[in-house]
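Here the structure comes first, spelled out in structure tokens, and everything after it is commentary.
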Amino acid sequence: CNYYFMIVSTVLLTFVGWFVTSKFVEPRYNAKPADEGGPAALTAEDIGAEAEGKRSRWVQLRLFPLPSASGVQQFAVGMVEDVTEQYQAHIANRRSRALFRSTADGVCITDLEGTITDVNPAFTVITGWKPHEVIGKNPSILQSGEHDEDFYREMWRELAEQGRWRGEVVNRRKNGETYRERLTIT
């Protein structure tokens with residue numbers, strides 16, 4: 001994969017100087033249609049550059065073809081954007097998602113109002129509730145009725161003061177069967 005820079009803005013000189021001594025990771029190309037009134041673009045995303053003694057950088061390269069008078073494309077205007085932080089966040093998100101999906105512990109994520117926004121597969125195995133049946137609902141659908149209001153009041157007080165609550169609860173599966181579980185709420 002060879003890249004040639006014919007004319008480079010001063011803003012990109014640091015990239016060019018760094019890339020000259022760098023080894024590129026093969027990019028993936030995505031042809032993008034012309035925007036309304038704008039040129040078509042060829043975008044190479046996730047181009048990795050590694051240099052001796054330097055950490056890897058990820059850039060997004062966008063090429064906008066410049067047609068010549070003969071209609072043959074010989075040149076393109078290119079834009080390079082450092083997307084290292086976005087790429088690293090994407091990788092971290094993928095790892096977190098894999099952990100969420102593969103853990104044997106049931107996980108239920110709620111928003112600040114207590115509405116379930118996601119559950120992992122272990123939650124479904126433990127409770128019998130499928131994601132589409134609980135997303136948008138309150139975790140109180142799991143309550144067995146074996147705890148009184150004081151129990152929940154103390155649980156929410158500790159959660160508000162310490163940022164977490166740990167304890168044992170008796171909950172109810174979708175089929176009505178009750179079960180004991182060690183629960184951590186953060």
Q143: which residues meet the side-chain hydrogen bond (donor to acceptor under 3.5 Å, both in side chains) condition with it, sequence neighbours left out? none

Applying side-chain contact (heavy atoms from CB on, under 4.5 Å), can you list everything that pairs with R153, at least two apart in sequence or on another chain? E149, D150

Judged by atom type as modelled, is there a donor-acceptor pair below 3.5 Å linking the side chain of S102 to the main-chain atoms of A98? yes

Can you confirm whether L99 sits close enough to R95 that some side-chain heavy atom of one is under 4.5 Å from a side-chain heavy atom of the other? no

My understanding is that only residues two or more places apart in sequence, or in another chain, count here; which of them pass salt bridge (charged side-chain N to carboxylate O under 4.0 Å, His left out) with E177? R173

Starting at SG of C108, measure out to CD1 of I116 and round the result to the nearest 0.5 Å. 4.0 Å

Please work out whether the ring planes of Y87 and H90 are parallel, tilted or perpendicular, with thresholds of 30° and 60°. tilted

Give the minimum heavy-atom separation between V170 and H147, together with the two atoms involved. N-NE2, 2.8 Å

With T184 via side-chain contact (heavy atoms from CB on, under 4.5 Å) - residues at least two apart: R166, T186

Donor-acceptor list for residues 126-140 side chains, cut-off 3.5 Å, not counting sequence neighbours:
from : atom 1 : to   : atom 2 : distance (Å)
T127 : OG1    : F123 : O      : 2.8
T127 : OG1    : W129 : N      : 3.1
E133 : OE1    : K130 : N      : 2.8
E133 : OE1    : K174 : NZ     : 3.2
E133 : OE2    : K174 : NZ     : 2.4
K137 : NZ     : E133 : O      : 3.1
N138 : OD1    : S140 : N      : 2.8
N138 : OD1    : S140 : OG     : 3.2
N138 : ND2    : G114 : O      : 3.4

Do any pairs count as a side-chain hydrogen bond (donor to acceptor under 3.5 Å, both in side chains) and have a residue in residues 109-121, sequence neighbours left out, and if so which ones? R97-D118

Here the side-chain hydrogen bond (donor to acceptor under 3.5 Å, both in side chains) pairs for residues 154-163, sequence neighbours left out, are E154-R157, R157-E161

Using the side-chain contact (heavy atoms from CB on, under 4.5 Å) criterion, which residues pair with L183? Sequence neighbours excluded. W165, V169, E181, I185

Kindly give the cluster partners of F100, where membership spreads through any ILVMFWY side chain lying under 4.5 Å from a current member. V107, I109

Report the residues that fulfil side-chain contact (heavy atoms from CB on, under 4.5 Å) with E168, sequence neighbours left out, ordered by chain and then residue number. R180, R182

